[in-house]
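Chain letters run A, B, ... following the sequence lines, proteins first and then strands; every chain starts at 1.
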Protein chains: 2
Amino acid sequence: MQPENEALHEIGGMIRQARLKAALTQEQVAERAGISRPRYREIEKGTAAARATTLTNVARALGLEMILVPQAMLPAIHSLMRPHEDEDLPAFAPLPDGGL
Amino acid sequence: MQPENEALHEIGGMIRQARLKAALTQEQVAERAGISRPRYREIEKGTAAARATTLTNVARALGLEMILVPQAMLPAIHSLMRPHEDEDLPAFAPLPDGGL
DNA sequence: GAGGTGTGATATGTTTAAGTATCATTTCGC
DNA sequence: GCGAAATGATACTTAAACATATCACACCTC
């Protein structure tokens with residue numbers, strides 16, 4: 001195994017998490033994406049770079065979409081993806097149904 | 001020239017617009033992205049699929065970032081990128097079906 | 001413990017992305 | 001008009017993505 005690009009690892013990890021979350025097997029995703037299982041496995045593992053078109057197909061097979069966005073927008077997008085915590089919710093706000 | 005994927009065309013067009021907006025030559029972007037000008041030209045024109053890593057490098061050379069997002073989030077992201085018109089519903093407009 | 005399923009892993013061959021080199025065309029300023 | 005720069009375009013070669021096939025290992029259930 002080679003030095004491997006770090007970005008490939010991140011992409012692979014994200015792909016894998018999406019697959020597990022969707023409760024799909026490697027074979028199922030590979031077939032949906034139109035690639036072979038060994039190929040999908042390497043993409044998920046991050047040991048080999050895929051083509052942009054292949055990565056797009058894999059992403060779509062998992063309900064994801066590959067897009068290009070201005071770097072300046074990244075923070076806003078990330079906060080969109082994490083509406084929970086870290087924002088403005090008071091940790092001890094009076095819950096509506098504060099039962100006893 | 002081959003049948004060409006439609007998605008490649010869209011990506012290429014976006015890349016090209018970003019380049020022109022940044023007032024950079026093909027050669028400059030190609031060098032920043034670490035690829036040759038003929039290769040960059042084909043990517044911009046959409047006649048050939050690039051690797052995901054290559055596309056990432058090209059995008060970054062233009063101030064863009066390639067990311068994977070849940071498909072359900074696309075509308076929200078697009079409205080982020082188009083703060084203009086189209087989303088101009090008055091906040092307190094009389095709703096058409098305010099059932100009463 | 002035999003069979004089925006999901007995954008890890010490798011070998012071989014084909015396809016294609018990408019580099020280098022080269023030439024033609026357009027658009028500048030001089 | 002005449003170079004210089006930017007782009008369009010192609011041929012030839014190399015490196016890598018991808019398919020196909022195959023084996024091994026873990027986990028399960030019967």
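The closest side-chain heavy-atom distance from Arg60(B) to Gln71(A) is below 4.5 Å. Taking 4.5 Å as the limit, every side-chain heavy atom of Pro70(A) sits out of range of all side-chain heavy atoms of Glu65(B). Side-chain contact between Arg39(B) and Ser36(B): present, with at least one pair of heavy atoms (C-beta onward) separated by less than 4.5 Å. Considering only heavy atoms from C-beta on, Thr47(B) stays 4.5 Å or farther from Leu8(B) through its side chain. Side-chain atoms of Glu44(B) and Val58(B), non-hydrogen and from C-beta on, never get closer than 4.5 Å to each other. Within the 4.5 Å cutoff, no side-chain heavy atoms of Leu68(B) are placed close to those of Leu62(A). With a 4.5 Å cut-off on side-chain heavy atoms, Ile15(A) and Arg19(A) do not count as touching.
Residue Lys45(A) places at least one side-chain N or O closer than 4.0 Å to OP1 or OP2 of dA9(C). Regarding contacts with the backbone of dG8(C), a side-chain N or O of Gln26(A) is found under 4.0 angstrom from either OP1 or OP2. Side-chain nitrogen and oxygen atoms of Arg19(B) include at least one within less than 4.0 Å of the OP1 or OP2 phosphate oxygen of dT7(D).
Here the side chain of Ala48(A) is nearest to one of dA17(D), dT10(C), dT10(D), namely dA17(D). You'll find that the side chain of Arg16(B) is closest to dG8(D), out of dG8(D), dA6(D), dT10(D). Distance from the side chain of Ile35(A) is smallest to dA19(D) among dT7(D), dA19(D), dT20(D).
Atom CG of Leu8(B) is separated from atom P of dA18(C) by 11 Å (rounded to the nearest Å). As rounded to whole Å, 10 Å separates atom P of dG8(D) from atom OH of Tyr40(B). Rounded to whole Å, atom C1' of dT5(C) lies 16 Å from atom CD of Glu31(A). Atom pair Gln28(B):CD and dT7(D):P shows a separation of 8 Å (rounding to whole Å applied). The nearest whole Å value for the distance from the CZ atom in Arg39(B) to the P atom in dA11(D) is 14 Å. Rounded to an integer number of Å, the gap from Arg41(B) CZ to dC23(C) P is 17 Å. The nearest whole Å value for the distance from the CD atom in Glu42(B) to the C1' atom in dA9(D) is 9 Å. With rounding to whole Å, Leu24(A) atom CG is found 15 Å from dT5(C) atom C1'.
Contact check of residues 49-59 of chain A against DNA chain D (heavy atom, cut-off under 4.0 Å) returns Ala49(A), Ala50(A), Arg51(A), Thr54(A).
Residue-to-nucleotide contacts include a donor-acceptor pair under 3.5 Å from the side chain of Arg37(A) to the base of dG8(C).
Counting any heavy atom pair closer than 4.0 Å across all strands shown, Ser36(B) reaches a base atom.
Of the two residues contacting DNA chain C, namely Ile43(B) and Pro38(B), the nearest-nucleotide position lying further toward the 5' end is that of Ile43(B).
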